Structures are given as structure tokens and as C-alpha cells.
Student: 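A single structure is presented below for examination.
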Amino acid sequence: ATESQEAAGFHPNQKLKLVISVGDHSGPMRVLVTGGSGLVGRAIQHIVKEEGGGKEGEEWTFLSSKDANLMNMEETRAVFQKHRPTHIIHLAAMVGGLFKNMRVNLDFWRNNIYINDNVLQAAHEVGVVKVVSCLSTCIFPDKTTYPIDETMIHNGPPHESNFGYAYAKRMIDVHNRAYFQQHGRYYTAVIPTNVFGPHDNFSIEDGHVLPGLIHKAYIAQKEGKPLVVWGSGTPRRQFIYSLDLARLFLWVLREYNEVEPIILSVGEEDEVSIKEAADAVVAALGFKGEVVYDTSKADGQFKKTASNAKLLRYLPNFSFTPFNKALKDTCDWFVANYDTARK
Ligand SMILES: NC(=O)c1ccc[n+]([C@@H]2O[C@H](COP(=O)([O-])OP(=O)(O)OC[C@H]3O[C@@H](n4cnc5c(N)ncnc54)[C@H](OP(=O)(O)O)[C@@H]3O)[C@@H](O)[C@H]2O)c1
Ligand SMILES: *[C@@H]1O[C@H](CO)[C@@H](O)[C@H](O)[C@H]1NC(C)=O
Ligand SMILES: *[C@@H]1O[C@H](CO)[C@@H](O)[C@H](O)[C@H]1NC(C)=O
């Protein structure tokens, strides 16, 4: 049996049994963050380095695709052997907005399957005691009842627009349950709703809705043109600020001891329509022009309202940054960093 199996109360040839000590590890953690250069990775860097989220003696390493192409198993093994992490936050993924998903479902499926299989297997091989991977609420079944909760991930096909990404992400949950069953590993996952914040990719054509809107409104303002919002404006979304998500990631890494995933989201009552989000962007940027809706563009899934009841059972007092404040901070960051921002 591996060290972690023994720590978890496992012995070879023994059936799964209830475990008391979880992902046991004495001594300071060495945390490796894949996708550490992205929106969520940069937010975790900020909380660890600037807001006291890291602890004495811990080592934090933030990887980008320049350190290793995680689609390649040899490069993945090499970078894990180099850093020998005890804990991993796995963020690296091929991500994109609705329109890119609709064009290249095959690439989303294959690339994410490779990345996730390599990261989880290499983690197991170097003896990582805990991995926290990242799913997304857009992987839930399209036809469902609301609110959606953690038990419903596999209950039917995802929305057809992003089925490649969705099925690849769902398989992380299959990996996690199997690594637990076969090797006693505590590899788990979180399920955030739409994330936004500083260091996002503000691509208009292929990006997510909020950063795309911010970028479009910025340009429309500059050129004195109308802001054109794609779709009808009626779909509804829950948005989580990247810095709130980062704080929650640290809690999951340190305290959350289930293999089953946990939804990290604002409440159902905080869901906003795309029109409300556009109005908030207009207010945050002080945009003075006209706002028009291009209904020839697809709307995507109408809603995917998620329940944060499980999170609130663990953290009844967690306080989310108010949407308008988080959006204002994000717009201010984008304006101040326009030249270097990803877009
Ligand atoms: N953004 C959202 O609304 C949202 C919502 C729910 C869940 N999520 C999940 O949250 C996680 C982080 O997303 P994000 O928004 O922070 O993404 P992001 O800003 O696009 O960052 C993606 C990260 O993955 C890295 N990466 C991509 N392909 C790679 C490869 N082949 N090898 C190594 N690294 C690779 C990128 O490295 P480079 O910087 O070098 O390219 C970057 O650090 C993802 O798992 C995503 O599915 C995001
Ligand atoms: C931003 O996202 C777009 C669309 O996915 C992508 O084409 C572009 O390469 C990204 N930019 C950076 C700097 O990652
Ligand atoms: C939450 O806040 C209430 C009132 O402020 C306090 O009594 C309670 O102890 C807090 N609960 C936790 C888990 O921190």
C-alpha cells in the first residue's frame, strides 16, 4: 500500500472502508497550481502572496503552459518530479466562451481529457495527497430541475453547445471516485459558476460573456458607437468574483475532506440576466452610448441555476463581494491594464 493509503486506513486486498484521517500530511505543504497564470490562478496568487493566504513554511508554485504542456504525459511527469508537490490545485484547461465551444467541441473534449488524465495520474505517481480540480456549472445536464446540486452532474446530457468541454470535465469526477476506490486518494473537485475578475481573457470573439461585454463596452465608448450585446439578454447566470473563488479554493485545499465535488457559487437569489450584467458593465465603465441586442446570435443555455446550500452548510458566514463592486474593480483593472490584458 502507498503511504497515503495507509494514512487513509487502507491495506492491500481490503475493501473500501470509512476513513477517519483524510489526505494526511505532516509538515508544510508544497502546493503546485496548474494553470497558475490564468484568471483563477492569478487570483489564488494574489490571496496567497498579498492577503496572507499562504502559511509559514509552505511552498507555492504556479505553473503556466510555458513550464509544461500538460497535454503531454512526459512533460507532466517531469514538472511534477521537479517540484514534488504534496498538494495540487488543478486549474489548467482549454477554456472558452459559447461561440468557440460550438466551433471546436472535439478539441475541447480531447485536449481536456489529455490534460486531466495526465495531471491526476502524475499526481498519483509522485504521491500527491490531495488534488483539487476545477469543474464548472456549464457541465450539468441541460434538461434538469432547479436549483442544480452536486448530486446531479451525470444525470443527463449537457447543453449541446459545449458537450465536448462538459463531458471532459465530468470525467474528472469519474477519475476522482476511481482514484479513491482503487488507491485511497483524496482527489476532489470544485464546481464554480461563471468566474470574472482581473487578469481574465477579455477576448470578444471567443471569450466568456462578462469580460467580452467589458471589452466591447470599452471600445464602443472610445469609438462613440452603440454597445452590441450578443443574444436576447434574457439568459440568466450566477457570477463569482475570482478573488472570492480563490479564498474558497484555499478553504477547500485545507479543510474540505470529501471526494464528492462542491459547488462554489453565490446564492440563487444573486443570479442576474445578461441584460442586468450589461447594464452593470455600462454603469461601471460610465458608458454613455446606446445598448442594442443582436438576437441573431445564439443565447446558449437559458439558465443553470446552482445551489450553494452545501457550501453554506460548511461556511455559513462566507461573505461574497457584492457583484457591482467586484465588477467595478474588474473594469477599473481592465482600463488600467488595457495594453497588456489578454484579449
Ligand atoms: N472562467 C470561468 O468562467 C470558469 C468557470 C468555471 C470553471 N472554470 C475553470 O477554472 C479553471 C481555470 O480557468 P481560467 O478561467 O482561470 O482559465 P484561463 O484564464 O484561460 O487560464 C487557463 C490556464 O490553463 C493553462 N493551460 C491551458 N492549456 C494548457 C496546457 N496544455 N498545458 C499547461 N497549461 C495549460 C494556461 O496557461 P497559459 O497562461 O500559459 O496559457 C492558463 O494558466 C479551468 O479549469 C476552467 O475550466 C472557469
Ligand atoms: C484569449 O482567448 C482567446 C479565445 O479563447 C484565445 O484565442 C487567445 O489566445 C487568448 N489569449 C491569451 C493571451 O491567452
Ligand atoms: C457566524 O456568525 C454568527 C453571527 O455573527 C456567529 O454567531 C457564528 O458563530 C458564526 N459561525 C461560524 C461558523 O463562524
Side-chain angles (χ1 to χ4, degrees), residues 32-46 61-76 78-80 88-104 107-108 110-120 122 131-140 162 164-166 168-172 189-213 215 237-246 248-249 252 261-266 277 300 304 306 330 337 339-343:
L32 191 68
V33 182
T34 73
S37 53
L39 164 65
V40 180
R42 295 290 297 246
I44 295 176
Q45 287 195 42
H46 180 85
T61 306
F62 294 86
L63 297 181
S64 79
S65 64
K66 291 183 192 70
D67 298 294
N69 174 8
L70 300 173
M71 288 192 282
N72 179 295
M73 185 54 171
E74 292 318 311
E75 289 189 36
T76 307
V79 80
F80 281 31
I88 287 182
I89 294 178
H90 171 38
L91 306 172
M94 176 179 180
V95 307
L98 171 65
F99 297 92
K100 184 174 174 186
N101 268 280
M102 292 194 305
R103 276 202 320 273
V104 292
D107 294 351
F108 276 98
R110 296 187 71 221
N111 295 347
N112 286 315
I113 281 288
Y114 285 140
I115 290 174
N116 298 333
D117 189 60
N118 291 341
V119 165
L120 292 169
V131 179
V132 182
S133 298
C134 199
L135 312 181
S136 162
T137 48
C138 65
I139 75 170
F140 279 113
N162 66 345
Y165 175 83
K169 284 281 183 187
R170 285 183 187 187
M171 291 309 113
I172 289 182
V190 301
I191 312 178
T193 47
N194 291 51
V195 189
F196 70 101
H199 301 283
D200 205 344
N201 182 328
F202 292 82
S203 161
I204 292 177
E205 283 302 322
D206 280 332
H208 288 119
V209 51
L210 213 46
L213 272 175
H215 191 180
R237 296 289 181 265
Q238 285 155 304
F239 293 100
I240 182 167
Y241 189 37
S242 59
L243 294 172
D244 291 341
L245 178 59
L248 290 171
F249 252 108
V252 171
I262 182 166
I263 291 172
L264 303 181
S265 173
V266 300
K304 35 197 174 182
T330 304
N337 295 278
D339 291 335
T340 52
R342 293 187 290 165
K343 50 194 183 297

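This structure is a prediction, so every number in the text was calculated from the model and none was measured. Read the numbers this way: they start at 1 and go in the same order the structure lists the ligands and their atoms. Numbers here simply count residues along the sequence, with the first being 1.
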Student: Which atom pair, heavy atoms only, marks the closest approach of S133 to L120?
Tutor: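 Taking every non-hydrogen atom into account, OG-CD2, 4.1 Å.
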Student: What protein heavy atom sits nearest atom 32 (N) of ligand 1, and how far off is it?
Tutor: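 Ranked first by proximity to atom 32 (N) of ligand 1 is L70 N, 3.0 Å.
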Student: Determine whether more than 12 heavy atoms belonging to other residues, nucleotides or ligands lie under 6.0 Å from atom CZ of R170.
Tutor: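 Count over threshold, so yes.
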Student: Counting C-beta onward and ignoring hydrogens, is there a side-chain heavy-atom pair between F62 and Q45 closer than 4.5 Å?
Tutor: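 Yes; the side chains approach each other to less than 4.5 Å.
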Student: Within this structure, what is the CE-CD1 distance for the pair M71 and I113, rounded to the nearest 0.5 Å?
Tutor: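 Taking CE in M71 and CD1 in I113, the distance rounds to 13.0 Å.
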Student: Under 4.0 Å, heavy-atom basis, I'd like to know which part of D67 is in contact with ligand 1: side chain, backbone, both or neither.
Tutor: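 Neither; nothing of D67 gets under 4.0 Å from ligand 1.
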Student: Treating N72 as the side-chain partner and E74 as the backbone partner, does any N or O pair qualify as donor plus acceptor under 3.5 Å?
Tutor: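 At least one qualifying donor-acceptor pair exists.
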Student: Is V195 in polar range of ligand 1, meaning some N or O pair under 3.5 Å apart?
Tutor: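 For ligand 1, there is an N or O atom that lies under 3.5 Å from one belonging to V195.
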Student: Should you measure from each heavy atom of V40, which atoms of ligand 1 turn up under 4.0 Å away?
Tutor: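 Contacts of ligand 1 toward V40, numbered from 1: 12 (C), 16 (O).
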Student: Please work out whether any backbone atom (N, CA, C, O) or any side-chain heavy atom from C-beta onward of L39 is under 4.0 Å from ligand 1, and answer side chain, backbone, both or neither.
Tutor: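 The answer is both.
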Student: Geometry only, no angles: is H199 polar-contacting ligand 1 at N/O separations under 3.5 Å?
Tutor: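 For ligand 1, there is no N or O atom that lies under 3.5 Å from one belonging to H199.
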Student: What is the minimum heavy-atom distance between V195 and V40, and which atoms define it?
Tutor: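 Between these two residues, the closest heavy atoms are CG1-CG2, 4.1 Å.
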Student: Work out whether the distance between some heavy atom of R342 and some atom of ligand 1 is less than 4.0 Å.
Tutor: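 Contact present.
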Student: With a sphere of 6.0 Å drawn around OH of Y114, does it hold more than 12 non-hydrogen atoms of other residues, nucleotides or ligands?
Tutor: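 No.
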Student: Answer yes or no for N111: is there a heavy-atom contact with ligand 1 below 4.0 Å?
Tutor: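 Heavy atoms of N111 never come under 4.0 Å of ligand 1.
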Student: Could you say whether the N/O atoms of S37 and ligand 1 ever approach to under 3.5 Å?
Tutor: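 Among all N and O atoms of S37, at least one is under 3.5 Å from an N or O of ligand 1.
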Student: Give the residue and atom name of whichever protein heavy atom lies nearest to atom 4 (C) of ligand 2, and the separation in Å to one decimal.
Tutor: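 Ranking protein heavy atoms by distance from atom 4 (C) of ligand 2, first comes D206 CB, 3.2 Å.
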Student: G197 and F202: which non-hydrogen atoms are nearest, and at how many Å?
Tutor: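 Distance-wise, the nearest heavy atoms are O-CZ, 4.0 Å.
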Student: Taking only heavy atoms of N69 into account, list the atoms of ligand 1 that are under 4.0 Å away from them.
Tutor: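 The list of qualifying atoms is 30 (C), 31 (N), 32 (N).
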Student: Among all protein heavy atoms, pick the one closest to atom 1 (N) of ligand 1 and tell me residue, atom and distance.
Tutor: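 Looking at atom 1 (N) of ligand 1, the protein heavy atom closest to it is H208 CE1, 3.5 Å.
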Student: Working to the nearest 0.5 angstrom, can you tell me the gap between L264 CG and L245 CG?
Tutor: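 These two atoms lie 6.0 Å from each other.
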Student: Could you tell me whether a side-chain N or O of R342 sits under 3.5 Å from a main-chain N or O of H199, the two making a donor and an acceptor?
Tutor: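 At least one qualifying donor-acceptor pair exists.
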Student: Looking only at protein heavy atoms, which one is nearest to atom 24 (O) of ligand 1, and how far off is it?
Tutor: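 Nearest protein contact, heavy atoms only, for atom 24 (O) of ligand 1 is A92 CA, 3.4 Å.
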Student: List ligand 2 atoms under 4.0 Å from S203, heavy atoms only on the residue side.
Tutor: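 The list of qualifying atoms is 2 (O), 3 (C), 4 (C).
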Student: Could you pull out the closest heavy-atom pair between M94 and D107, with the gap in Å?
Tutor: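 M94 and D107 have their closest heavy atoms at SD-O, 3.7 Å.
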Student: What protein heavy atom sits nearest atom 23 (C) of ligand 1, and how far off is it?
Tutor: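 The closest one turns out to be G35 CA, 3.6 Å.
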Student: For the 3.5 Å polar cut-off, considering only N or O atoms, please tell me whether G38 and ligand 1 meet it.
Tutor: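 Yes.
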Student: Is there a heavy atom of N201 sitting under 4.0 angstrom from any atom of ligand 1?
Tutor: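 Judged by the 4.0 Å heavy-atom criterion, N201 does not count as contacting ligand 1.
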Student: Relative to each other, are the rings of Y165 and F108 parallel, tilted or perpendicular (30° and 60° limits)?
Tutor: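 Judged by the thresholds at 30° and 60°, the geometry between Y165 and F108 is perpendicular.
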Student: As an exercise, identify every atom of ligand 1 less than 4.0 angstrom from a heavy atom of A68.
Tutor: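 Here the atoms of ligand 1 in question are 32 (N), 33 (C).
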Student: Rounded at 0.5 Å granularity, tell me how far NE2 in H46 sits from OG in S242.
Tutor: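 OG of S242 is found 9.0 Å from NE2 of H46.
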Student: Starting from atom 3 (C) of ligand 2, locate the nearest protein heavy atom and write down its residue, its atom name and how far away it is, to 0.1 Å.
Tutor: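 Closest protein heavy atom to atom 3 (C) of ligand 2: N201 ND2, 3.6 Å.
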Student: Taking heavy atoms and a distance under 4.0 Å, where does K169 meet ligand 1: side chain, backbone, both or neither?
Tutor: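 Only the side chain of K169 comes within reach of ligand 1.
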Student: Under 3.5 Å between some N or O of ligand 1 and some N or O of L91?
Tutor: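 Such a contact does occur with ligand 1.
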Student: If you count the atoms of ligand 1 from 1 in the order shown, which ones are under 4.0 Å from a heavy atom of T193?
Tutor: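 In order of number, 5 (C), 6 (C).
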Student: Are the side chain of K304 and the backbone of Q238 linked by a donor-acceptor contact shorter than 3.5 Å?
Tutor: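 Checked: no pair found.
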Student: Over all heavy atoms of both residues, which pair between A122 and T76 is shortest? Give the atoms and the distance, please.
Tutor: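 Residues A122 and T76, closest heavy atoms: CB-CG2, 3.8 Å.
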Student: Just going by heavy-atom distances, which of P211, A168, S65, G96 is nearest to atom 34 (N) of ligand 1?
Tutor: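 It is S65 that holds the nearest heavy atom.
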Student: Do N201 and V95 have side-chain heavy atoms sitting under 4.5 Å apart?
Tutor: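 No. Closest side-chain heavy atoms not under 4.5 Å.
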Student: Suppose I only count heavy atoms of L135 and a 4.0 Å limit; which atoms of ligand 1 are within that range?
Tutor: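 Heavy-atom distances to L135 below 4.0 Å select 6 (C), 7 (C).
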Student: Based purely on interatomic distance, does K343 place a nitrogen or oxygen under 3.5 Å from a nitrogen or oxygen of ligand 2?
Tutor: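 Among all N and O atoms of K343, none is under 3.5 Å from an N or O of ligand 2.
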Student: Could you tell me whether ligand 1 has any atom less than 4.0 Å away from a heavy atom of Y165?
Tutor: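 Per 4.0 Å heavy-atom rule, Y165 contacts ligand 1.
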Student: Show which atoms of ligand 1 fall inside a sub-4.0 Å distance from at least one heavy-atom site of V95.
Tutor: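 Ligand 1 atoms under the 4.0 Å threshold to V95: 17 (O), 20 (O), 44 (C), 46 (C), 47 (O).
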Student: Please check if the side chain of T193 supplies one atom and the backbone of S265 the other of a donor-acceptor pair under 3.5 Å.
Tutor: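 It does not hold such a pair.
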Student: Could you identify the single nearest non-hydrogen protein atom to atom 5 (O) of ligand 2 and state the distance to 0.1 Å?
Tutor: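 Nearest neighbour among protein heavy atoms for atom 5 (O) of ligand 2, to 0.1 Å: K100 NZ, 2.9 Å.
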Student: Identify the closest protein heavy atom to atom 22 (C) of ligand 1: which residue and atom is it, and at what distance?
Tutor: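 Result for atom 22 (C) of ligand 1: A93 O, 4.1 Å.
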Student: As a test of the contact definition, would atom 7 (O) of ligand 2 count as having a protein heavy-atom neighbour under 4.0 Å?
Tutor: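 No.
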Student: Could you establish whether T34 and ligand 1 come within less than 4.0 Å of each other, counting only heavy atoms on the residue side?
Tutor: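 No.
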Student: What atoms of ligand 1 come within less than 4.0 Å of a heavy atom belonging to C134?
Tutor: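 Near C134, the atoms of ligand 1 are 9 (C), 10 (O), 11 (C), 45 (O).
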Student: Within a distance under 4.0 Å of any heavy atom of R342, pick out the atoms of ligand 2 and give their elements.
Tutor: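 Listed by number with element, the hits are 12 (C), 13 (C), 14 (O).
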Student: May I ask whether M94 places a heavy atom under 4.0 Å from ligand 1?
Tutor: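 It does not; every heavy atom stays at 4.0 Å or beyond.
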Student: Distance from L243 atom CG to L248 atom CG, nearest 0.5 Å?
Tutor: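 Going from the CG atom of L243 to the CG atom of L248 covers 11.0 Å.
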Student: Exactly one of I115, V33, V132 should register a side-chain contact (heavy atoms from CB on, under 4.5 Å) with H90. Which one does?
Tutor: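 When side-chain contact (heavy atoms from CB on, under 4.5 Å) is applied between H90 and each of I115, V33, V132, only I115 qualifies.
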